[in-house]
Amino acid sequence: MQDGEPRLALAAEFGALSPAVRGLGRTAQSWDMGGGLVLTGWSGVHHIYGIERADGRVLGWVQDGADGLTNAWAVFVDGRAVIDAEDGQPLLSPRPQDGVSLLRLALQQRVL
């Protein structure tokens with residue numbers, strides 16, 4: 001872990017339903033985020049985006065409205081938020097693309 005990087009963990013409690021459970025169907029858009037990760041989206045849905053490996057395996061998702069805040073994107077894996085391991089608080093981002101970076105860091109730290 002590099003200086004200044006938070007030590008990450010997954011929340012113990014489930015906090016969000018996965019896109020699959022929500023019945024959003026097949027993704028309609030995708031954006032290559034580099035490093036083998038892809039951000040995916042659904043037509044007409046602007047508050048949740050999937051994060052997949054380039055081979056199509058779903059890793060998690062980013063969701064706006066975490067804790068009732070707008071422009072506060074949280075990252076979820078198996079329904080559990082990615083949190084700061086020190087204080088237990090979800091790490092929020094102003095943009096969904098930042099969630100991909102956070103998930104990449106979680107992979108590097110072997111949180112997933």
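Predicted model only: the values in this text are computed from it and were never measured.
- Residue pairs meeting the ring-ring contact (aromatic ring centres under 6.0 Å, His included) criterion with at least one member in residues 86-109, sequence neighbours excluded, do not occur.
- Between Leu24 and Ile48, some side-chain heavy-atom pair lies under the 4.5 Å cut-off.
- What you find for Asp64 and Ala72 is that their closest heavy atoms are OD1-N, 3.0 Å.
- Legend: residues meeting side chain to side chain donor-acceptor pair (under 3.5 Å) with Arg53, ordered by chain and number and at least two apart, are absent.
- Considering all non-hydrogen atoms of both residues, Leu92 and Ala74 come closest at CD2-CB, 3.7 Å.
- Across every non-hydrogen atom of Ser30 and Thr40, the tightest pair is CB-CG2, 4.1 Å.
- When hydrophobic clusters are built by joining Ile, Leu, Val, Met, Phe, Trp and Tyr residues whose side-chain heavy atoms come closer than 4.5 Å, directly or via intermediates, Val77 is grouped together with Leu39.
- Judged as a side chain to side chain contact (heavy atoms under 4.5 Å, CB included), and not counting sequence neighbours, the contacts of Ser101 are Arg104.
- The side chain to side chain contact (heavy atoms under 4.5 Å, CB included) test applied to Leu17 returns Val21, Arg22, not counting sequence neighbours.
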With side chain to side chain contact (heavy atoms under 4.5 Å, CB included) as the criterion, how do Met33 and Val38 come out once you've worked through the C-alpha distance, each side chain's angles and the decisive distance to 0.1 Å? CA-CA 5 Å; Met33 302 303 291; Val38 177; 5.9 Å; no
Apply side chain to side chain contact (heavy atoms under 4.5 Å, CB included) to Leu103 and Leu59, showing your working. CA-CA 8 Å; Leu103 191 63; Leu59 292 173; 3.7 Å; yes
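- Here the side chains of Leu37 and Glu52 are not in contact, with every heavy-atom distance at 4.5 Å or above.
- Across Leu8 and Gln109, no two heavy atoms sit closer than the pair N-OE1, 2.8 Å.
- Judged as a side chain to side chain donor-acceptor pair (under 3.5 Å), and not counting sequence neighbours, Asp78 has no contacts.
- Residues passing the side chain to side chain donor-acceptor pair (under 3.5 Å) test with Arg57, sequence neighbours excluded: Asp55.
- In this structure, Ile83 shares a hydrophobic cluster with no other residue, the cluster being traced through Ile, Leu, Val, Met, Phe, Trp and Tyr side chains under 4.5 angstrom apart.
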For Val62 and Ile51, run side chain to side chain contact (heavy atoms under 4.5 Å, CB included): C-alpha distance rounded to whole Å, both residues' side-chain angles, the deciding distance at 0.1 Å, then the answer. CA-CA 7 Å; Val62 291; Ile51 304 173; 3.7 Å; yes
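- Residues Gly99 and Ser93 come closest through the heavy atom pair N-OG, 4.3 Å.
- Sequence neighbours left out, not one pair with a member in residues 3-30 passes ring-ring contact (aromatic ring centres under 6.0 Å, His included).
- Arg80 contributes no side-chain N or O that, together with a main-chain N or O of Glu13, makes up a donor-acceptor pair within less than 3.5 Å.
- Within the structure, ring-ring contact (aromatic ring centres under 6.0 Å, His included) pairs that include any residue of residues 37-60 comprise Trp31-Tyr49, Tyr49-Trp73 (at least two apart or interchain).
- Listed by chain and residue number, Pro6, Glu86, Asp87, Leu91 satisfy the side chain to side chain contact (heavy atoms under 4.5 Å, CB included) test with Asp84 (two or more places apart in sequence, or in another chain).
- Linking Ile, Leu, Val, Met, Phe, Trp and Tyr whenever their side-chain heavy atoms come within less than 4.5 Å puts Leu107 and Leu105 in one cluster.
- Judged as a side chain to side chain contact (heavy atoms under 4.5 Å, CB included), and not counting sequence neighbours, Ala54 has no contacts.
- Identified under the ring-ring contact (aromatic ring centres under 6.0 Å, His included) test for residues 78-112, with sequence neighbours left out: none.
- The side-chain heavy atoms of Val75 and Asp98, taken from C-beta on, include no pair separated by under 4.5 Å.
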